[in-house]
Colleague: 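Below you'll find the structure I mean.
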Amino acid sequence: MTEDATAQDVLTVRREKLERLRAKGIEPFALRFDRDATTAEIAGKFAGLEPGEDSGQVVRVAGRLVGLREHGKLSFGVLRDGTGDVQLFLSAETLGADAYAALEDLDLGDWIGAEGEVVRTKRGELSVRPARLVLLTKSLRPLPEKWHGLRDVELRYRRRYLDLATNEEARARLAARARMLAALRGHLDGLGFVEVETPVLQPVAGGGLARPFVTHHGALDIDMYLRIALELYLKRLLVGGMERVYEIGRTFRNEGISPKYNPEFTMLEAYQAYGTYEDMMDLTEGLVKASAEAVNGSRTYSWRGTGVDLDRPWPRITLHDAVAEAVGRDVTTDTPVEDLQRVADERGVGYDPAWPAGKLVVELFEKLVESNLVAPTIVKDFPREVSPLARPHREDPRVTEHFDLIMGGVEIVPAYSELTDPDEQRARFEMQRAQAAAGDDEAHPFDQEFLVALEHGMPPAGGMGLGVDRLLMVLTDAPSLREVILFPALRPES
RNA sequence: GGGGCGUUAGCUCAGCCUGGUCAGAGCAGUGGGCUUUUAACCCAUGUGUCGGGGGUUCGAAUCCCUCACGCCCCA
């Protein structure tokens with residue numbers, strides 16, 4: 001038997017332990033365990049306990065066994081629950097000889113409950129000294145290597161539970177995300193915004209320029225789309241008289257996967273009646289600062305080695321000025337498309353010769369400027385061609401009152417003074433339809449129902465959308481969007 | 001779509017350039033010892049489709065081709 005066992009692999013050995021436990025009448029998948037303390041509570045409550053001192057107080061804790069150091073008739077375990085770790089001081093003396101011997105059926109990764117006195121060891125480690133130890137769930141597969149954890153990024157994403165079980169950083173990111181979402185909601189709620197929910201399944205995928213996922217509704221026998229944005233339904237609510245609304249929800253874009261793109265991502269959109277894009281700049285600043293405080297506890301953070309202080313004024317420059325500065329020559333709304341093409345050629349920026357000037361300027365911006373903007377920068381007044389839902393600029397109607405917030409070299413927020421004129425909106429949709437006919441598969445679809453809503457009258461408003469995953473990535477200096485998304489999109493395992 | 005890097009034990013990795021005891025280490029596991037450890041330690045010990053397929057060669061984890069998957073960069 002011993003000879004056989006040594007020839008077995010790790011998984012088989014654990015299965016054998018499982019059977020051995022059952023043979024002894026121990027249920028390896030227990031129903032429940034009534035714990036009365038978390039490891040964090042113990043750490044707080046007994047912080048003053050001196051080395052070598054016993055508290056005289058008994059607690060019941062539960063969690064995963066993630067460490068075990070055996071010393072003959074004395075062993076030290078590490079129990080991890082949702083709040084932290086605590087050491088288990090396992091002695092044959094306290095536990096009893098039989099229970100102590102039963103440790104041999106335990107493995108790292110098992111879920112256990114322990115009841116015992118809180119003590120601090122001679123070496124100063126706060127511990128629970130169990131008089132009773134209960135197996136709650138037997139783990140049949142080993143945890144990742146205890147020192148390095150999971151390094152294989154693909155495995156970390158596919159089996160995020162192992163990443164969370166062994167990687168403090170992964171747990172911290174998850175917690176930071178929750179705090180950030182709460183802060184965003186808190187900030188908006190405090191300003192009188194009402195949280196709403198609008199359709200994910202839409203007959204027309206509007207509100208942005210992106211290729212949607214298509215699905216099919218069986219009973220209606222029509223194709224439907226997963227939303228690429230929240231915008232057009234939130235605007236309908238403005239038509240209905242709701243003055244401040246927001247939604248935080250998943251949106252979907254059928255595009256590539258990269259450190260900056262995931263096919264599904266979380267978007268916050270907020271709309272404010274009687275607001276302009278200047279108001280949206282202020283709202284955006286407030287939301288980003290609230291997020292930073294929630295995530296990092298301060299309004300500063302570091303991005304790729306560069307410190308950023310959110311309390312410094314955020315530059316506000318026009319798109320054309322930003323491009324002009326980058327290429328070292330005048331670029332304005334008057335610059336003919338031929339001149340822009342020449343600049344693109346010089347800089348090695350690829351383009352479609354059919355593109356209008358506005359689209360080319362945006363391309364130049366994205367290729368030459370965007371990735372260099374580390375500290376938050378507001379880039380404003382985007383061309384009409386690329387911004388079909390924004391109001392024409394009050395001074396130069398060739399551009400719109402549309403700004404992007406760039407942080408960490410990526411677009412975090414687009415926002416507008418919203419277009420309320422239904423006839424102008426119709427003209428923009430026509431313009432997009434022409435671009436679609438010319439082969440642009442990311443052109444905005446024509447949305448007749450939305451035009452009807454606008455014809456009923458939408459109050460003047462500002463609106464903004466915030467990429468929640470991207471902002472969190474920047475604030476936590478995460479190397480990839482996939483680090484802040486628990487289960488990023490991956491090709492399925494064959 | 002193009003380019004670069006990667007894929008070796010359950011996990012973390014070495015070996016590849018320069019083909020020939022090159023199937024290795026640590027962790028995890030197994031057996032033994034140990035009543036104050038903190039990646040505990042000490043002794044003993046098992047572990048492989050070297051990503052798949054094909055080729056070159058007397059001989060391939062190693063060189064070549066190809067496919068798959070992943071990561072990064074570019075379009």
Side-chain angles (χ1 to χ4, degrees), chain A residues 1-18 20 49-54 64-80 84-97 100-101 103-110 119-129 139-159 161-163 165-168 255-262 304 344 347-352 363 366-368 371 409 478-483 488-494:
Chain A
M1 180 64 194
T2 304
E3 294 271 330
D4 288 349
T6 55
Q8 308 287 6
D9 65 275
V10 176
L11 277 62
T12 310
V13 168
R14 292 202 176 191
R15 292 250 171 218
E16 287 174 355
K17 288 182 182 176
L18 187 73
R20 205 150 67 218
L49 204 60
E50 296 294 328
E53 189 182 352
D54 296 348
R64 197 192 278 278
L65 185 67
V66 295
L68 188 61
R69 299 178 285 277
E70 294 180 286
H71 293 255
K73 294 191 170 56
L74 173 69
S75 296
F76 299 94
V78 180
L79 184 81
R80 174 168 300 158
D85 295 351
V86 74
Q87 178 166 270
L88 297 179
F89 185 104
L90 300 157
S91 77
E93 191 181 329
T94 309
L95 210 46
Y100 191 84
L103 287 178
E104 69 178 12
D105 289 329
L106 281 186
D107 284 298
L108 296 184
D110 288 352
V119 302
R120 196 180 288 280
T121 62
K122 290 177 195 167
R123 294 290 180 88
E125 189 72 28
L126 190 65
S127 309
V128 173
R129 187 171 61 206
S139 130
L140 297 175
R141 289 173 181 269
L143 288 172
E145 209 262 354
K146 68 177 174 183
W147 186 238
H148 300 93
L150 268 193
R151 284 285 178 79
D152 183 313
V153 289
E154 185 186 353
L155 262 189
R156 285 182 43 233
Y157 301 153
R158 284 194 196 283
R159 304 193 182 172
Y161 48 90
L162 292 179
D163 193 30
T166 55
N167 181 0
E168 169 59 32
E255 295 164 351
I257 298 177
S258 84
K260 294 174 188 173
Y261 293 93
N262 195 61
R304 307 289 191 260
R347 298 301 182 118
V349 174
Y351 59 89
D352 182 332
E363 186 69 13
E366 289 178 354
K367 288 296 185 303
L368 301 176
S371 63
S480 162
L481 207 54
R482 288 183 285 255
E483 293 300 331
L490 296 171
R491 192 181 299 271
E493 281 182 292
S494 52

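Heavy-atom basis, side chains included; hydrogens, waters and symmetry copies ignored. Throughout, protein chains are lettered first and strands after them, A, B, ... in sequence-line order, and every chain is numbered starting at 1. From a predicted model like this one, the values you see are computed outputs, not experimental measurements.
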Colleague: Report the residue from Asp110(A), Leu65(A), Leu18(A) that forms a side chain to side chain contact (heavy atoms under 4.5 Å, CB included) with Ser139(A).
Modeller: Asp110(A)

Colleague: Using a 4.0 Å heavy-atom cut-off, does Leu162(A) contact any base of the nucleic acid, only the sugar-phosphate backbone, or nothing at all?
Modeller: nothing

Colleague: Between Arg156(A) and Glu483(A), does any side-chain N to carboxylate O distance fall below 4.0 Å?
Modeller: yes

Colleague: Closest to the Arg69(A) side chain: rU30(B), rU36(B), rU38(B)?
Modeller: rU38(B)

Colleague: Tell me if the OH atom of Tyr261(A) is crowded by more than 12 foreign heavy atoms within 6.0 Å.
Modeller: no

Colleague: For the side chain of Glu70(A), counting heavy atoms from C-beta on, which of rC34(B), rC13(B), rA39(B) is nearest?
Modeller: rC34(B)

Colleague: When all nucleic acid strands are considered with a 4.0 Å heavy-atom cut-off, which category describes Gly149(A): base, sugar-phosphate, or nothing?
Modeller: sugar-phosphate

Colleague: Drop me the distance from Asp54(A)'s CG to Arg129(A)'s CZ, to the nearest 0.5 angstrom.
Modeller: 4.5 Å

Colleague: In terms of the nearest nucleotide of RNA chain B, which residue is placed more toward the 5' end: Glu104(A) or Leu74(A)?
Modeller: Glu104(A)

Colleague: If you check every side-chain atom of Leu150(A), which of rU38(B), rC27(B), rC11(B) has the closest atom?
Modeller: rC11(B)

Colleague: Would you say CD of Glu53(A) has more than 12 non-hydrogen atoms from neighbouring residues, nucleotides or ligands within 6.0 angstrom?
Modeller: yes

Colleague: Give Ser91(A) one of three labels, base, sugar-phosphate or nothing, depending on what nucleic acid heavy atoms sit under 4.0 Å from its own.
Modeller: nothing

Colleague: Nearest of rA28(B), rC13(B), rU30(B) to any side-chain atom of Val13(A)?
Modeller: rU30(B)

Colleague: What's the CG-C1' distance between Leu155(A) and rU7(B), to the nearest Å?
Modeller: 11 Å

Colleague: By nearest heavy atom, map Phe76(A) and Asp107(A) onto RNA chain B; which one lands nearer the 5' end?
Modeller: Asp107(A)

Colleague: Can you give one letter per nucleotide of nucleotides 69-75 of chain B, going 5' to 3': B for a protein heavy atom under 4.0 Å from the base, S for sugar-phosphate only, - for none?
Modeller: SSSSS-S

Colleague: Can you tell me how far P of rG10(B) sits from NE2 of His148(A), to the nearest Å?
Modeller: 18 Å

Colleague: For rA40(B), does OP1 or OP2 lie under 4.0 Å from any side-chain N or O of Lys146(A)?
Modeller: yes

Colleague: Using a heavy-atom cut-off of 4.0 Å across all strands, would you classify Lys73(A) as base, sugar-phosphate, or nothing?
Modeller: base

